[in-house]
Protein chains: 2
Amino acid sequence: MNWVKPLGGIGEHAATPVDPAQLDATDLQLLLLLSRDARISQRSLARELGMSAPAVADRIARLHRQGVIEGYGVRLNWSALGYPTIAYLTVTAGQGFEQGLIMTRLAELPEVEEVMIVTGGVDMLVRVRVRDHTHLRELLIDKVWQIEGIQRTETSLSVAEMKPKNTTSELLADMIRRVEP
Amino acid sequence: MNWVKPLGGIGEHAATPVDPAQLDATDLQLLLLLSRDARISQRSLARELGMSAPAVADRIARLHRQGVIEGYGVRLNWSALGYPTIAYLTVTAGQGFEQGLIMTRLAELPEVEEVMIVTGGVDMLVRVRVRDHTHLRELLIDKVWQIEGIQRTETSLSVAEMKPKNTTSELLADMIRRVEP
DNA sequence: CTTGAAATAATGAATGA
DNA sequence: TCATTCATTATTTCAAG
């Protein structure tokens with residue numbers, strides 16, 4: 001058969017869900033401290049948490065094994081790096097095309113920070129980071145619109161963004177509040 | 001006077017633009033290595049870059065001073081933490097309301113990861129991370145819709161996301177390719 | 001989880017290209 | 001200015017309890 005599969009073949013392309021890990025308050029505090037400064041020493045972490053450095057190392061290793069910690073990154077000022085512009089593209093896929101495949105093609109572009117299949121009027125939301133309008137235009141013409149199955153895109157350009165905030169820290173702080181009020 | 005200011009009062013609430021820093025290929029390589037694993041030792045960085053550890057420390061300090069490096073963070077698996085759901089809200093502001101103020105109110109919510117004022121049919125795009133549909137409903141009713149000046153919101157729920165990728169690394173690798181092909 | 005010793009890493013001074 | 005080496009201080013890691 002050859003019917004339309006709205007989410008057909010997504011499985012291989014999308015992130016796979018994970019069962020929530022059971023973490024105690026110390027784990028969350030540890031993650032909070034790391035989210036504020038991931039280069040903090042285990043010794044400093046140990047001091048803040050009131051435990052020994054090896055105990056901290058053990059917990060970090062366990063959080064890695066559990067898949068809670070995926071890695072450590074650097075927060076960069078993209079304006080200072082010459083990539084000040086964010087745009088969102090809404091993508092509508094042609095009937096009968098695998099959205100998962102389109103998602104993968106989009107995700108391969110270095111400028112693409114996120115691809116999500118969403119409910120509502122359009123099929124996908126794509127977040128891209130570019131140097132300027134010329135870069136955005138070239139990205140659309142040379143890369144995005146070349147992807148088979150993309151029927152239509154609309155571009156929303158960012159005119160102003162909020163001051164950068166550390167969402168990870170805020171969400172973790174919120175989780176800690178719910179655990180021990 | 002009391003005319004409508006479409007972007008009125010944004011200045012105090014939005015991120016301020018920064019002049020691009022002039023970075024050499026070594027700086028970009030350094031940032032690339034940090035973006036892959038921000039907890040790598042300066043010694044390892046020095047080995048990879050073919051220089052001494054103090055030289056690496058100097059460069060990192062300078063990149064901090066230049067505002068290129070804003071900090072270091074931990075990449076978490078939010079599904080494993082019990083926050084698997086992302087939604088995008090489009091927000092339309094009432095006439096005469098300061099969008100900058102609405103942006104600040106939204107950014108104060110821990111669930112809000114990003115607020116952008118965009119071109120196109122709506123005024124703002126808001127990215128939120130929640131535990132489940134109940135959490136999203138409560139966030140909308142108790143928090144978002146209580147913000148003065150918000151006239152209308154529409155919610156796009158994420159049905160599938162791409163596999164997590166390190167955009168920072170990819171963009172930096174792309175920048176390095178342009179500097180030294 | 002702890003302590004304490006051994007291995008590794010970061011930092012600062014002095015200095016050279 | 002930018003990097004180096006070396007000495008000192010700090011941190012991580014490992015073994016044992």
Side-chain angles (χ1 to χ4, degrees), chain A residues 20-77 80-82 166 168-169 172 175-176 179-180, chain B residues 18-77 80-81 166 168-169 172 175-176 178-180:
Chain A
Q22 53 297 323
L23 309 176
D24 63 17
T26 307
D27 289 324
L28 294 176
Q29 287 285 167
L30 178 53
L31 294 175
L32 178 60
L33 291 166
L34 282 172
S35 74
R36 298 216 246 252
D37 174 15
R39 278 187 73 82
I40 187 176
S41 71
Q42 297 183 353
R43 215 167 181 276
S44 305
L45 287 170
R47 273 191 294 266
E48 298 259 11
L49 297 170
M51 44 171 38
S52 67
V56 168
D58 282 351
R59 273 181 190 261
I60 290 176
R62 196 198 71 232
L63 289 165
H64 256 106
R65 279 197 308 276
Q66 290 178 304
V68 174
I69 293 178
E70 294 185 336
Y72 306 93
V74 59
R75 282 193 292 273
L76 297 176
N77 182 330
L81 281 165
N166 193 333
T168 303
S169 302
L172 284 168
M175 291 173 73
I176 291 169
V179 171
E180 40 177 32
Chain B
V18 180
D19 286 327
Q22 53 299 320
L23 308 176
D24 64 17
T26 307
D27 289 325
L28 294 176
Q29 288 284 166
L30 179 53
L31 294 175
L32 177 60
L33 291 166
L34 282 173
S35 74
R36 298 217 244 250
D37 175 15
R39 278 187 73 83
I40 188 176
S41 71
Q42 296 184 353
R43 271 184 163 222
S44 306
L45 287 170
R47 273 191 293 267
E48 298 260 9
L49 297 170
M51 45 173 33
S52 67
V56 168
D58 281 353
R59 274 182 189 260
I60 290 177
R62 194 197 74 232
L63 289 165
H64 255 103
R65 279 197 308 278
Q66 290 178 303
V68 174
I69 293 178
E70 294 184 336
Y72 306 94
V74 59
R75 282 193 292 274
L76 297 176
N77 183 328
L81 281 164
N166 193 334
T168 304
S169 302
L172 285 169
M175 291 173 73
I176 291 169
R178 319 177 115 255
V179 172
E180 41 177 33

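Each chain gets a letter, A, B and so on, in the order the sequences are listed, and its residues count up from 1.
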(Q) Using 0.5 Å steps for rounding, measure from the CG atom of B:L81 to the CG atom of A:L63. (A)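 The CG atom of A:L63 is 8.5 Å from CG of B:L81, to the nearest 0.5 Å.
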**Q.** Value rounded to 0.5 Å, distance of CG in B:D58 from CD in B:Q42
**A.**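 The distance works out to 9.5 Å.
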Q. Are any non-hydrogen side-chain atoms of B:L23 and B:V179 less than 4.5 angstrom apart?
A.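 With C-beta onward as the side chain, the pair stays apart.
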(Q) Please evaluate residues B:Q66 and A:N77 with respect to the criterion side-chain contact (heavy atoms from CB on, under 4.5 Å), reporting the C-alpha separation (whole Å), side-chain torsions for both, the decisive distance (0.1 Å), and the verdict. (A) CA-CA 10 Å; B:Q66 290 178 303; A:N77 182 330; over 6 Å; no
Q | Non-hydrogen atoms of A:T26 and A:L49 that approach each other most closely | A |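 That closest heavy-atom pairing would be O-CD2, 4.4 Å.
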Q) According to a strict under-4.0 Å criterion, is A:S52 in side-chain N/O contact with OP1 or OP2 of C:dT2? A)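 Looking at the OP1 and OP2 atoms of C:dT2, one of them is under 4.0 Å from a side-chain N or O of A:S52.
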Q. Is there a side-chain polar atom (N or O) of B:R59 under 4.0 Å from OP1 or OP2 of D:dA3?
A.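 For B:R59, the contact criterion (side-chain N or O under 4.0 Å from OP1 or OP2 of D:dA3) is met.
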To the nearest Å, give me how far apart [atom1] ([X]) and [atom2] ([N]) are.
{"X": "B:L49", "N": "D:dC2", "atom1": "CG", "atom2": "P", "value": "16 Å"}
{"X": "B:D58", "N": "D:dT5", "atom1": "CG", "atom2": "P", "value": "14 Å"}
{"X": "B:M51", "N": "C:dA10", "atom1": "CE", "atom2": "P", "value": "15 Å"}
{"X": "B:L45", "N": "D:dA3", "atom1": "CG", "atom2": "C1'", "value": "16 Å"}

What nitrogen or oxygen pairs link the protein and nucleotides 10-12 of chain D at under 3.5 Å?
{"unit_1": "D:dT11", "atom_1": "OP2", "unit_2": "A:R43", "atom_2": "NH1", "d": "3.1"}
{"unit_1": "D:dT12", "atom_1": "OP1", "unit_2": "A:Q42", "atom_2": "N", "d": "2.8"}
{"unit_1": "D:dT12", "atom_1": "OP2", "unit_2": "A:Q42", "atom_2": "N", "d": "2.9"}
{"unit_1": "D:dT12", "atom_1": "OP2", "unit_2": "A:R43", "atom_2": "N", "d": "2.7"}

Q | Nucleotide nearest A:P54 (side chain, heavy atoms from C-beta), chosen from C:dC1, C:dT3, D:dT4 | A |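 Output: C:dT3.
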Under 3.5 Å, which donor-acceptor pairs do the side chains of residues 29-37 of chain A form with other protein atoms, sequence neighbours left out?
{"unit_1": "A:S35", "atom_1": "OG", "unit_2": "A:L32", "atom_2": "O", "d": "2.7"}
{"unit_1": "A:S35", "atom_1": "OG", "unit_2": "A:S169", "atom_2": "OG", "d": "2.8"}
{"unit_1": "A:D37", "atom_1": "OD1", "unit_2": "A:R39", "atom_2": "N", "d": "3.0"}

